[in-house]
Amino acid sequence: MKYLRMSIYIFLLCLVQFLFSSCKETDPVKPPVNEHDYATDVIITLVNQSDTIISTWSDLDGPGGNNPTISDTLRLAKGKKYNGSITLYNKSKNPIENITDEIIELADEHQFFYTPSSTINSLIVSILDKDSKNLPIGLLFTIDSPISNQGIGLLNVVLSHYDDSPKDGINRSAETDIEIDFPISLR
Amino acid sequence: MLSRAYICLWVILFLCFASDICAQNMRTISIVTQVEKGSANKALSQVSVFIGTKGIRTDINGYGLVTVSKTVTYPIKVSYPGYVSVQDTLLPGNDTTITIVLKEIKLYQTNKITVNADRNTVYGTATQQIKVISSKELDEHRGQTLGESLNGQLGITTIQTGSSISKPVLRGLHSQRLLISNAGIAQEGQQWGAEHAPEIDILSIGSIQILKGAAGVEYGPGAMGGMIKVEPPIMLDTVGLKGAISSNLMSNNRQGSLSALLDGATSLYNGVLSLQVQGSVRKAGDMKAASYVLGNTAFSEQNAFISASYTHIDGIILKSRFTTFTSELGIFKGSHISNLSDLLLAIERGKPLKEYDFSYAIANPKQNIAHDLWANSLSIPISEHIYTEIMHGWQFNDRKEFDAHNLRIPNDSVIALNSALSLPAMKLQLVTQSLDIKLKIQQPLHNITSTIGCSFQDQNNVRSGKVVLIPDYTSLNIGSYLLANFIDKSMIYNVGVRYDKKNIDVPAFSTPTRKIQDTSFFFDGFSGAAGALWQYDTNIQCTINFGTAWRAPQINELFSNDIHHGTAQFEIGDISLKKEQSFSIDINSIYSKPDFHAECSIYSMWFDNYIVMLPDKEFPTVTVRGTFPTFRYSQTKAIIYGLELMAEYHMNDWSKVTVQTTITKGDDKTNNTPLFQIPANRYQANIHVHKQDFLSVFHDAFAEFACLFVSTQDRFAPDLDYANPPLGYQLYNISFGATIHTGYDKYISCTMSANNIFNSDYRDYLSRYRYFSADQGFNLTFRCSYSFSLL
């Protein structure tokens with residue numbers, strides 16, 4: 001008799017378990033996750049007296065998925081000086097977020113590094129803008145193209161973020177916010 | 001002169017008188033201990049009997065003598081394992097004889113076939129290797145984490161992420177291939193992550209059992225490599241109230257911990273009700289490698305548990321235990337990598353970019369983890385040879401991970417920044433319910449013990465935050481099994497089979513990179529085990545075990561699609577993954593004499609559809625942070641095999657030498673490359689000196705010197721890693737300790753240990769920080785505990 005009662009208890013426990021698994025609350029419909037905190041569009045604009053060159057790097061779906069696109073090669077003429085600027089947007093947000101403004105606000109923690117690849121290493125990139133400590137930022141710069149060199153290569157653009165290591169104007173930090181290669185042709 | 005002689009005389013006289021008074025005042029109590037056996041009682045030897053503070057153990061015929069005062073009333077306490085404890089009072093009087101009749105707690109054990117029967121009641125598969133780490137052994141080596149405390153056991157290594165996160169690796173298998181159970185319930189957290197450690201308070205562990213080899217039949221899919229069973233402290237089974245306070249202090253990260261345990265039992269309706277409460281707190285600062293501090297590696301923990309157990313004289317045992325674990329731990333910022341070139345620069349640097357000052361502060365990136373476990377069990381003897389056990393478990397795992405990146409806030413608003421910092425980038429809440437029912441049937445006539453069982457497990461995982469490593473899911477696992485052990489003279493055979501099915505349901509979700517519809521997965525499979533144990537003579541024992549086990553792909557293996565900041569890889573899951581099945585063989589032999597003990601095991605595990613991450617070199621992932629190598633979860637044929645050797649020689653009754661060797665190898669048979677992250681070979685030697693009584697004050701005094709040699713892992717696939725495995729290393733540790741009795745059932749135990757005494761700068765192949773920093777440097781640990789009895 002006693003064990004009969006126990007068996008009933010076991011049976012009830014099983015039943016409770018099945019109830020637990022069957023009557024689950026309906027999952028709430030979640031809003032899709034579609035915002036990033038990083039740039040989806042990076043635009044380089046180069047201007048001289050006669051020419052305006054624009055190249056847009058764009059990765060609307062963020063890391064993964066479709067690979068980013070670059071609208072055009074930066075086609076530079078030999079022996080010219082270009083005034084350059086870089087602007088960054090996050091177009092996954094609504095309204096579109098202008099990250100350039102944020103970098104200006106936190107200029108003391110950021111610096112851009114522009115490094116031409118070996119085939120076009122006679123290009124000279126000079127940073128014009130300075131932060132509050134008189135260290136370079138890199139949102140505004142000039143590119144001097146040499147008379148002798150011609151060819152194709154890549155311009156490596158790095159945005160270093162300094163919050164753990166101090167910014168000294170020379171070295172990259174250990175935390176890279178942006179690293180993009182823009183194709184360049186020099187004719 | 002005369003006066004001095006006089007005084008002496010007085011003293012002598014007084015002493016004589018006093019001793020006479022004492023002698024007259026004392027009486028001798030004869031004790032007889034018996035066990036109830038039908039109508040006649042049988043003598044029971046080796047029973048502990050306490051009269052007041054005087055304790056004796058009865059002899060082979062169940063007799064004992066105690067001398068106590070005639071005028072004092074003493075409490076009598078009698079206890080013997082497996083029997084209901086007896087309490088009584090001894091009233092003042094003359095010499096007398098007390099007969100104590102003990103009643104057997106009707107457990108399912110038959111004590112006839114000693115060693116083997118024990119094995120076979122504890123585990124379904126009686127022929128498998130089990131290593132038990134006792135609470136005393138644990139106390140001598142109790143580290144900062146469960147993993148670290150197990151490290152050094154034959155066949156076990158750890159995946160370390162600094163000093164606060166450590167996952168045990170058994171025979172090269174870990175995470176979803178190694179089951180960890182706490183109080184009988186499979187621990188379910190987010191164990192798919194290599195930097196997600198088991199959420200178990202090391203200070204709340206009573207003992208640990210390591211079961212090697214596939215244990216999937218009784219414990220279900222997942223126990224492919226074996227099982228680590230964490231057991232709570234043994235509860236008081238005799239009426240009384242005991243307590244213990246213990247503290248650990250560590251020099252390396254200036255850690256302090258305090259834990260208090262209260263353990264009480266009282267008799268209730270023909271049984272014993274035991275209660276146990278424990279609470280512990282821990283605070284640790286930044287970890288130090290040999291020559292520098294690792295910033296933001298501090299952690300803090302607050303844990304507690306309460307257990308209740310009721311043992312009825314009929315053998316019914318009801319247990320309930322609630323455990324809560326809370327931890328906040330910092331992640332070394334240099335290991336939270338933004339992009340590949342940062343990682344390569346960090347590897348080249350090999351140490352942190354800047355010098356950190358020691359601190360207890362925990363900043364982003366960090367993890368906040370809470371884990372609650374409620375475990376209930378009921379075992380009922382149905383008849384003399386049949387008993388049933390029901391276990392129910394409820395677990396809630398709450399994990400919040402805070403990112404260091406992307407904290408650039410528009411308009412530089414402090415409030416906005418703080419609120420962004422306080423929001424986890426990923427929050428995972430997993431609720432697991434489980435129910436296991438088993439029936440053990442003994443047929444003593446045929447020496448067969450069989451177990452029939454079924455188990456259910458139901459999980460619901462809810463994710464929130466910006467990072468989508470895994471989606472929400474629910475899963476249901478149902479399994480049933482049959483196990484049988486057969487004992488024939490010097491042999492034990494066992495055979496078992498289990499069938500499970502598992503459902504995983506993932507509701508539709510969308511991220512910028514993909515849209516996933518409602519998806520359901522269904523997996524099912526068989527697990528099996530067969531083994532034999534041969535006791536050749538009292539010294540030699542051989543076992544052979546065959547097993548097959550399987551597991552369903554984990555949720556991250558199906559759905560990953562993001563950058564892994566620890567390794568700078570873009571990891572992509574595959575929803576078409578099939579179940580992974582293993583086949584294993586394990587041969588173990590033991591040679592054991594009083595002064596010499598040796599063990600040798602060889603094993604091999606073949607895997608079909610072994611789930612690994614392989615690089616997809618043709619499609620690197622280009623992001624705004626640069627290009628990351630793409631890794632995809634794929635399935636291959638794999639083999640893991642190894643050798644474990646151990647020998648222990650007692651040079652005399654107080655000293656012994658132990659040597660052990662663990663060799664593990666793993667190969668990806670499809671691609672003909674070594675498997676990633678197989679632990680390097682390890683060799684260990686210990687000298688242990690032990691004195692039962694030392695200088696008459698210290699009991700259980702010991703000193704140990706241990707050396708560990710780890711070789712360089714030379715079997716690796718260069719494609720799978722950015723840096724070659726680190727060089728081998730040697731570590732030397734010293735520990736010593738003793739217990740001091742301060743009264744009846746009151747004692748203080750202290751141990752002092754020094755790890756990495758030469759402060760060597762080393763990196764383990766399985767350390768997650770090996771790219772960025774050396775492992776922990778010199779560490780001095782001081783443990784002290786005070787145990788006392790209140791009643």
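Here is how names work: the chains are called A, B, and so on, in the same order as the sequence lines, proteins then strands, and each is numbered from 1.
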Could you look at B:Tyr356 and say if it's the side chain, the backbone, both or neither that has a heavy atom under 4.5 Å from chain A? side chain
Donor-acceptor pair, distance only, cut-off 3.5 Å: does the side chain of B:Thr297 make one with the backbone of B:Phe332? no
Check this for me, if you would: do A:Asp131 and A:Lys167 make a salt bridge, where the nitrogen-to-carboxylate-oxygen distance has to be below 4.0 angstrom? yes
NZ of A:Lys78: more than 12 outside heavy atoms within 6.0 angstrom? yes
Over 12 non-hydrogen atoms of neighbours within 6.0 angstrom of CH2 in B:Trp394: yes
If the contact rule is any heavy atom under 4.5 Å from chain B, which residues of residues 42-50 of chain A qualify, in numerical order? A:Val42
Proximity breakdown for B:Phe570 and chain A, heavy-atom pairs closer than 4.5 Å: side chain
With a 3.5 Å distance limit and no angle check, can you tell me whether B:Ser335 reaches the backbone of B:Tyr769 through a side-chain donor-acceptor pair? no
Applying ring pair (Phe, Tyr, Trp, His ring centres under 6.0 Å) as the test, list every pair that has at least one member in residues 118-157 of chain A; sequence neighbours left out. A:Tyr114-A:Phe141
Output yes when a side-chain donor or acceptor of A:Asp177 lies under 3.5 Å from a complementary backbone atom of A:Leu159, and no otherwise. no
